[in-house]
J.: 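Next up is a structure, given as structure tokens.
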Amino acid sequence: MAAKADGAELSPEAELRVAAGMGDAFDLLEELNDALVVALVAGWSYGFAVTLDSVQDVPGEDLDALRKECSPYLAKLLPDFDVSAESDSPIAPSGA
């Protein structure tokens, strides 16, 4: 289950509304998260090799848990558009 900015969990219905509002961006983020799952999991106990092509074959509850565990790494890969306090920011004034 996804979380809001304040850390509270979103309901499944709210998750669907957010996903619908994101359009193609949601699918791209899900693909990136799946790639992280494949890259970060050290071993698999399924009867098939888990690859980018077969990650969707992982049972839904397991894949959801893996996505949740990998999601902090996903956030680290996304750009940070917060105002920079760094004096060497390439865009001045960065604090505007």
Side-chain angles (χ1 to χ4, degrees):
M1 189 175 289
K4 296 189 283 186
D6 64 3
E9 297 285 327
L10 291 175
S11 70
E13 295 80 17
E15 285 184 26
L16 288 173
R17 284 194 303 273
V18 169
M22 291 177 66
D24 290 340
F26 180 82
D27 293 333
L28 292 172
L29 288 173
E30 191 169 67
E31 288 176 25
L32 181 56
N33 204 9
D34 287 349
L36 283 172
V37 166
V38 171
L40 295 175
V41 174
W44 301 95
S45 60
Y46 300 105
F48 58 91
V50 178
T51 65
L52 287 176
D53 293 328
S54 66
V55 72
Q56 295 294 318
D57 296 330
V58 171
E61 192 172 292
D62 295 345
L63 185 55
D64 288 345
L66 289 166
R67 285 175 173 163
K68 185 174 182 177
E69 287 298 315
C70 293
S71 64
Y73 300 103
L74 177 64
K76 298 285 186 191
L77 293 174
L78 300 177
D80 178 3
F81 294 109
D82 285 342
V83 175
S84 174
E86 300 295 322
S87 61
D88 62 347
S89 175
I91 302 172
S94 182

J.: Are Val55 and Val37 packed together at the side-chain level, in the sense that at least one heavy-atom pair is separated by less than 4.5 angstrom?
T.: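 Counting from C-beta outward, Val55 and Val37 do come under 4.5 Å.
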
J.: Measure the spacing between CG of Asp62 and CH2 of Trp44 and express it to the nearest 0.5 Å.
T.: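 Spacing of CG (Asp62) from CH2 (Trp44) equals 9.0 Å.
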
J.: Please report the shortest heavy-atom distance between Ala49 and Ser54, naming the atom on each side.
T.: O-OG, 2.7 Å

J.: I would like to know whether Tyr46 and Asp57 meet side-chain hydrogen bond (donor to acceptor under 3.5 Å, both in side chains); could you show each step before the answer?
T.: CA-CA 10 Å; Tyr46 300 105; Asp57 296 330; over 6 Å; no

J.: With a sphere of 6.0 Å drawn around CD of Glu69, does it hold more than 12 non-hydrogen atoms of other residues, nucleotides or ligands?
T.: no

J.: Would Leu77 and Leu28 show up in the same hydrophobic cluster when neighbours are defined by side-chain heavy atoms closer than 4.5 Å?
T.: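 Per the 4.5 Å side-chain linkage, Leu77 and Leu28 are not co-clustered.
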
J.: Check the hydrophobic clustering (I, L, V, M, F, W, Y; side-chain heavy atoms under 4.5 Å; chains of links allowed) and say if Leu63 and Val38 are grouped together.
T.: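 In one cluster: yes.
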
J.: Distance-only, no hydrogens or angles: does the Ser71 side chain make a donor-acceptor pair with backbone N or O of Asn33 under 3.5 Å?
T.: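 The answer is no, because no donor-acceptor pair under 3.5 Å joins these two groups.
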
J.: Let me check something: do Leu66 and Val50 share a hydrophobic cluster, defined by ILVMFWY side-chain heavy atoms less than 4.5 Å apart, either directly or through other members?
T.: yes

J.: Just checking Gln56: does its CD atom have more than 12 heavy atoms from other residues, nucleotides or ligands closer to it than 6.0 angstrom?
T.: yes

J.: What's the separation between atom CG in Leu32 and atom CG in Asp27, rounded to the nearest 0.5 Å?
T.: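 The CG atom of Leu32 sits 12.5 Å away from the CG atom of Asp27.
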
J.: In Å, rounded to the nearest 0.5 Å, how long is the span from CZ of Arg67 to CG of Leu29?
T.: 11.5 Å

J.: Is there a chain of hydrophobic side chains (I, L, V, M, F, W, Y, each step under 4.5 Å between heavy atoms) that links Val41 to Leu52?
T.: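 Same hydrophobic cluster.
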
